[in-house]
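The chains referred to below are lettered A, B, ... by the order of the sequence lines, with proteins before strands, and numbering in each begins at 1. None of the values given here were measured: they were computed from a predicted structure.
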Amino acid sequence: MSSRPELQAPPEIFYNDAESRKYTSSSRIMEIQAKLSERALELLALPDDGVPRLMLDIGCGSGLSGETLSDSGHQWIGLDISQSMLNVALEREVEGDLLLADMGQGLGLRPGVIDGAISISAVQWLCNADKKSHEPRLRLKAFFGSLYRCLARGARAVLQVYPENIAQRELILGFAMRAGFAGGVVVDYPHSSKSRKEYLVLTCGPPSVSTALPSGKNEDGEDWSDEDSEDEENQTVCISERHRPRKKLKLTKKTKGRQWVLNKKEQKRRKGDVVPADSKYTARKRKARF
Amino acid sequence: MRLLTHNMLSSNIKGVSNGFPLRLDVENSVSKEVEFNPDFLRNMFSKIDWKALVDAARSMGYAELPEEAPDSSMLDSDEFLKKFHHALLELHLDEGALICPETGRRFPVNKA
Ligand SMILES: C[S@@+](CC[C@H](N)C(=O)[O-])C[C@H]1O[C@@H](n2cnc3c(N)ncnc32)[C@H](O)[C@@H]1O
């Protein structure tokens, strides 16, 4: 795999005319994006009544993801920060309306009007600070806050993301939860480094039966929350460059003791958050070599 | 851009307290035929700000919508639904701008 596009240039520069064209003429990319979009639409779990909905495609690019929405009969509004990508979408005469906008500044939409949102391979871009004025945490907060507001109560957003590492995934998920969403991460093909895909499945409104998380594809009967607690163990090793100070904070929290951690986990569970099961490893002391 | 989208957008420029509706500056509008789907229209109806839709349609030269917000019994009338459909999905702002009602900032709109 070549280096991540996210690390090469800001999105509106990386997706210039040439790259946008290249992106949209690769049959491999078209196929992957279509598959991801179909899966996202499935995870949205819209009522099975054949009624077309008003959907949002965040980071819609040249419209590969939006086309899946059109194919299912839905109306959609797409937004993207790259004019070049949107130009390709216009050329391809996609059916959605296209907006040139930066999701990191929040979505300018009326409250409660959107029936469902998808975002395919885009939200991880928010973790970068591409300009001096960019503060990833503020941008994530603005994005998720505005996404929560514009969705109808009970509506879902499914965001397929490529986090650079576990810290980044936690960062994104954390801001989604803080905005009020219920839900978590669904991982398809968790054991394959190539096919592994992550979807944030978020439901707007208070937790209920409908906010229970669907299971990922090919989980091999393994409970994904188990996997998650493994991840938590790894976190101390996977310190990302960008979030080093924040990581330290997390570590000091851990010294609060097992009972404190158990209480916190219980609190989160009551809120409907997805929390790994308690085990003998929960909040145990770590070896000094970390 | 369709009036469906115009009806959903609200200016979120810092300091703006009510960014809806965005004013329309229409240089050119076009009409494109779209498949009629009453279910979609019934689903959307409660979310539409009626006055904003009527005003926007009129600024694009379409004055067939009832001025007063119709009650939901109208959703059984094919004649009404057809007009609603045309205004919401078939009229496009092709060239022009959306204007923030408080700051006056212009967001250019081009090509459908
Ligand atoms: C890998 S492409 C995916 C495009 C499309 N969703 C698809 O499936 O083909 C990622 C897109 O995210 C967009 N993007 C990145 N950061 C963004 C931001 N802050 N606001 C809006 N779009 C952004 C990029 O411009 C790019 O078009």
Side-chain angles (χ1 to χ4, degrees), chain A residues 46-47 49-57 60 63 66 69-70 72-79 83 86-117 133 138 142-143 145-147 149-153 155, chain B residues 1-16 18-22 30 32-53 56 75 85 88-95 97-103 105-112:
Chain A
L46 294 168
D49 54 10
V51 177
R53 312 277 153 169
L54 177 60
M55 315 280 283
L56 201 59
D57 185 357
C60 63
L69 301 175
S70 296
S72 307
H74 300 297
Q75 301 289 346
W76 56 277
I77 299 172
L79 65 102
Q83 181 70 60
L86 295 178
N87 286 343
V88 176
L90 280 176
E91 261 172 43
R92 300 175 70 237
E93 302 195 339
V94 298
E95 282 172 48
D97 280 333
L98 306 168
L99 308 170
L100 179 65
D102 170 12
M103 62 172 130
Q105 300 194 20
L107 312 169
L109 292 161
R110 281 170 55 211
V113 290
I114 304 291
D115 296 316
S133 60
L138 290 181
F143 168 63
S146 62
L147 178 61
R149 283 191 296 278
C150 77
L151 287 171
R153 291 311 88 151
Chain B
M1 171 177 294
R2 299 163 297 181
L3 295 190
L4 166 67
T5 300
H6 168 257
N7 210 278
M8 300 300 135
L9 290 176
S10 174
S11 164
N12 65 344
I13 297 174
K14 254 210 179 92
V16 170
N18 182 11
F20 181 84
L22 289 150
V30 293
K32 292 183 196 167
E33 205 172 312
V34 173
E35 199 181 320
F36 177 63
N37 189 319
D39 285 337
F40 177 74
L41 298 169
R42 290 190 192 106
N43 174 46
M44 276 314 297
F45 179 72
S46 61
K47 299 179 187 169
I48 294 295
D49 183 292
W50 193 256
K51 185 171 176 343
L53 182 66
L75 294 175
H85 169 78
L88 201 63
L89 296 170
E90 295 190 322
L91 288 178
H92 287 254
L93 176 60
D94 196 44
E95 203 68 57
L98 302 179
I99 301 165
C100 170
E102 284 187 13
T103 63
R105 174 149 157 217
R106 294 170 67 88
F107 303 92
V109 175
N110 44 43
K111 287 176 275 181

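- Residues satisfying the side chain to side chain contact (heavy atoms under 4.5 Å, CB included) criterion with Ile99(B), sequence neighbours excluded, are Arg23(B), Asp25(B), Arg106(B).
- Here the side chain of Asn43(B) pairs no donor or acceptor atom with the backbone of Val51(A) at under 3.5 angstrom.
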> Between Ile77(A) and Leu9(B), does a side chain to side chain contact (heavy atoms under 4.5 Å, CB included) hold up when you go through it step by step?
Replying inline: CA-CA 10 Å; Ile77(A) 299 172; Leu9(B) 290 176; 5.6 Å; no
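- Here the CE-CG distance, from Met1(B) to Asp97(A), works out to 5.5 Å after rounding to the nearest 0.5 Å.
- Contacts of Ser70(A) classified as side chain to side chain contact (heavy atoms under 4.5 Å, CB included), with partners at least two apart in sequence or in another chain: Trp76(A), Glu95(A).
- In this structure, Asn12(B) and Gly106(A) approach most closely via the heavy-atom pair ND2-O, 3.0 Å.
- The structure places CG of Leu79(A) at 11.0 Å from OG1 of Thr5(B), a figure rounded to the nearest 0.5 Å.
- Rounded to the nearest 0.5 Å, atoms CG (Leu107(A)) and CE (Met8(B)) are 14.5 Å apart.
- Looking at Arg110(A) and Asn7(B), their side chains come closer than 4.5 Å, going by heavy atoms from C-beta outward.
- Remark: of the listed residues His74(A), Gln75(A), Arg53(A), Gln75(A) is the sole one forming a side-chain contact (heavy atoms from CB on, under 4.5 Å) with Phe40(B).
- Counting heavy atoms from C-beta on, the side chains of Leu4(B) and Leu54(A) come closer than 4.5 Å.
- For the set Asp49(A), Ile114(A), Val113(A), the count of heavy-atom pairs under 4.5 angstrom toward chain B peaks at Val113(A).
- Of the atoms belonging to Leu89(B), it is side-chain heavy atoms, and not backbone ones, that fall under 4.5 Å from chain A.
- Arg105(B) CZ: 12 or fewer foreign heavy atoms inside a 6.0 Å radius.
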